[in-house]
Amino acid sequence: MWPPNERQSAREAIERLMRERGLAGRFPVALQREAARVAERGHRDAADAARRDLRTLPTFTIDPHSARDFDDALSAEAGDGDEVRVWVHIADVSAFVREGSALDAEARTRGCSVYVPGGVEPMLPAALSNDACSLVPGADRLAVTTELELHGAEVRRASFYRSLIRSDARLDYEQVDRIFSAHERAGEHWGAALAAARRAARALQGARERSGALVVGAPEPEFAFDSQGNVSDIRTRAQTESHRVIEHLMIAANEAVAQHLARTRTPCLYRVHERPDADSVQRLADQLASLDVATPALREHMSSAQAAEAVADISRRVDRAVRRRGHGRLALGSLVLRSLKQAYYSPRNLGHAGLHSGAYCHFTSPIRRYPDLICHRALLSVLGEAERAPRARELAELGAWSSDRERAAMVVERDADDVARCFALEAWLYETGWEQEFEGEVVGLIAAGAFVAFGGSSLALGPGSASDDARVDTSAPAHAFEGLLPVRHLRSFPAQDASTPTAQRKPGLSGGEWWELNELGTILRGQRTGAAIRLGDAIAVRVARVDAPRGRAELAPAQPREQG
């Protein structure tokens, strides 16, 4: 094996992937100059008397440590009893990106920002996305504020207006979690506001859980790079209480805006998530039953509302099963997601089944999503600002385009994650030896084999590695990598007695065993012996081959251990 850095770095491979997928790489020079001009104009307008001045209101942002564009900021104030007033401040991108301008046309074409390990293909030039529109601390910024008066989880009153804000603190999720766990003190100026926001989010979370909202979540990888473009760190970002504070308050703001636009019959783009089909829910229940996960009794003929309630109940049972077993979240959560219809943008308000919401839109991220900018313009037109409501006749096509761009971005982001993982895996194996064995979980099955998420603790490149400052630390995530275990590799080890309990069976059967995928796609079963590989199963593997530029790893079963 050759040293990884003698070919290309992970960053170079990801950049090549992005160019192959048609991403531009940079903005035209004329557009960058235009962005700089409107950014300067925005700074001059920051003292606009027509805006509500909220600069004395304690305000903070919470984002990933690596974030550079800050769409949203929060203020909160506790009242009597269970009352909390929350201000959700969103960057006023519409003040900079005028409808019909060259900047608007480019943002519309891109549709959304694309986030890949170590970089981003932004929807807006850096002069706007990272500067003038970004709600950075200590700077006056233009915003559109949603002010919510909460009594417990009930929004008693919502108001909307253009504002002038100044963030007091740029917080990250890890820091907020340390504050919540009393391992760090909050700032004197914004600590009470953070506590009030936490209280409001907890009430909203409890109400959503009681309403039947879906419980589906999976950890996301975070990558760090060294100066040579090699992956230096992989961590899994699991959702913690700090994430939930942002999630629930942003959902509340999105719902309040959508409800206001629906009441006023203002054309806009809603975020639609239709209810699942009864047949899809029944198949999900059958799949989970084949994996010994308890599911509720289903009606023979379910309405769409009953199907939605059933899948929400199933999602909660899956969550409990995963917590009890200690593994299987990726595989079982994926089954739940595949039973649902895909969310999309539409001018028709068809509700959001996953959130159990009657009206929902994307409003809180206009720096990185074009539909959010459309909703800003729609809301501001209702408020009597100098914005024109979107043209209803154009919204269907725009919704379809935005949905397509979002899906294309998700594919690029997923593939770029795979490339980064494989470069990190190859570098580590080059240093430590390819005979390493890993504990993993089966996260997907096809007729050709099993997809396995794997990775152990304390994977690190030591001194003398491909680059002096390269480190791959996967002690945080349970499974940092993923690869395919082909069925052809399951024929090279001794067969096992078919009477072995399912939970104790391990792959590795000789004698020309034939593996078949069951109709539900949940179990690969050996036809001669009855041995099985099931979704969510724990499994030990080793790496046979890595094709890092293509983001692919081929696995083999771990060697059977000698019985002593």
Side-chain angles (χ1 to χ4, degrees), residues 42-43 45-64 67-78 84-97 124 128-150 155 157-172 176 187 189-198 200-201 204 242 245-258 260 361-369 372-373 375-380 383 385 387:
H43 289 306
D45 293 345
D48 188 345
R51 291 178 178 271
R52 192 171 300 187
D53 191 342
L54 302 180
R55 286 177 291 180
T56 60
L57 192 65
T59 301
F60 55 88
T61 60
I62 306 176
D63 290 278
R68 297 177 65 187
D69 51 351
F70 309 126
D71 292 275
D72 55 84
L74 289 173
S75 303
E77 183 177 85
V84 179
R85 179 168 294 183
V86 176
W87 293 262
V88 179
H89 314 288
I90 308 300
D92 189 359
V93 175
S94 62
F96 300 89
V97 181
L124 299 172
L128 296 176
S129 61
N130 292 350
D131 185 9
C133 294
S134 186
L135 307 182
V136 295
D140 292 354
R141 286 295 182 260
L142 310 182
V144 179
T145 293
T146 297
E147 184 177 337
L148 304 174
E149 185 180 300
L150 292 165
V155 178
R157 187 180 66 86
S159 57
F160 316 93
Y161 45 84
R162 274 182 153 150
S163 60
L164 180 63
I165 71 164
R166 183 186 297 142
S167 174
D168 298 292
R170 179 259 195 270
L171 310 178
D172 60 53
V176 173
H189 185 59
W190 48 265
L194 176 62
R198 181 189 193 187
L204 291 168
S242 62
V245 167
I246 294 299
E247 176 188 4
H248 291 296
L249 295 179
M250 295 305 122
I251 289 174
N254 285 335
E255 283 183 322
V257 171
H260 188 72
C361 70
H362 276 169
F363 175 78
T364 53
S365 296
I367 291 177
R368 62 184 179 92
R369 290 188 305 224
D372 299 54
L373 180 54
C375 288
H376 273 241
R377 290 170 177 163
L379 177 64
L380 292 169
L383 300 179
E385 299 286 346
E387 299 286 346

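None of the values given here were measured: they were computed from a predicted structure.
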Over all heavy atoms of both residues, which pair between Trp87 and Leu57 is shortest? Give the atoms and the distance, please. CD2-CD2, 3.5 Å
Just one of Thr364, Thr146, Thr145 clears the side-chain contact (heavy atoms from CB on, under 4.5 Å) bar with Ile90, so which one? Thr364
Checking the side chain of Arg51 only, and the main-chain atoms of Ser163 only, is there a donor and an acceptor separated by less than 3.5 Å? yes
How about Phe160 and Glu147: do any of their side-chain heavy atoms sit closer than 4.5 Å? no
Taking all non-hydrogen atoms of both residues, which atom of Ser167 and which atom of Phe60 are closest, and how far apart? OG-CA, 3.9 Å
Answer yes or no: is there a side-chain heavy-atom contact under 4.5 Å between Phe70 and Ile367? no
Determine, for Asp131 against Arg141, whether the closest basic-nitrogen to carboxylate-oxygen distance falls under 4.0 angstrom. yes
What do the steps show when you test Asn130 against Val136 for side chain to side chain contact (heavy atoms under 4.5 Å, CB included), and what is the final call? CA-CA 9 Å; Asn130 292 350; Val136 295; over 6 Å; no
Separation between CD1 of Ile246 and CD1 of Ile62, rounded to the nearest 0.5 Å: 4.0 Å
The reported gap from CG in Leu373 to OG in Ser94 (rounded to nearest 0.5 angstrom) is 6.5 Å
So do Val93 and Leu128 actually touch side chain to side chain, heavy atoms under 4.5 Å? no
Value for SG (Cys375) from NE2 (His260), rounded to nearest 0.5 Å, stands at 12.5 Å
From CG (Asp372) to CG (Asp71), nearest 0.5 Å: 7.5 Å
List the atom of Arg166, the atom of Gly138, and the distance in Å for their closest heavy-atom pair. CG-C, 3.8 Å
Grab the two heavy atoms, one from Ala200 and one from Val84, that are nearest each other, plus how far apart they are. CB-CG1, 3.9 Å
Do you know which two heavy atoms are closest between Leu142 and Ala95, and how far apart they sit? CD1-CB, 4.1 Å
Checking Phe96 against Leu124 for the side chain to side chain contact (heavy atoms under 4.5 Å, CB included) test, could you report, in this order, the C-alpha distance in whole Å, the side-chain angles of both residues, the deciding distance, and whether it holds? CA-CA 11 Å; Phe96 300 89; Leu124 299 172; over 6 Å; no
Take atom CZ of Arg68 as the centre, draw a 6.0 Å sphere, and report whether it contains more than 12 heavy atoms from other residues, nucleotides or ligands. no
Whether Glu77 and Arg85 form a salt bridge (side-chain N of Lys/Arg under 4.0 Å from carboxylate O of Asp/Glu) is what I want to check. no
Could you please spell out the steps behind the side chain to side chain contact (heavy atoms under 4.5 Å, CB included) verdict for Asp72 and Met250? CA-CA 9 Å; Asp72 55 84; Met250 295 305 122; 3.9 Å; yes
With a 3.5 Å cut-off and no angle check, do the side chains of Ser75 and Thr59 form a donor-acceptor pair? yes
Ion pair check, Arg162 and Glu387, cut-off under 4.0 Å: yes
Might you point out which heavy atoms bring Ala196 and Ala78 nearest each other, and give the distance in Å? CB-N, 3.7 Å
With a 4.5 Å heavy-atom cut-off, do Val97 and Arg377 have their side chains touching? yes
Leu204 side chain reached by Leu249 side chain, heavy atoms, under 4.5 Å: yes
If you define the side chain from C-beta out and look only at heavy atoms, does anything of Leu74 sit under 4.5 Å from Leu194? no
Run the salt bridge (charged side-chain N to carboxylate O under 4.0 Å, His left out) test on Arg170 and Asp63 for me, step by step, so that the C-alpha distance in whole Å, both residues' side-chain angles and the decisive distance to 0.1 Å come before the verdict. CA-CA 8 Å; Arg170 179 259 195 270; Asp63 290 278; 5.3 Å; no
If only atom types and distance count, is the side chain of His89 paired as donor or acceptor with the main-chain N or O of Ile165 below 3.5 Å? no
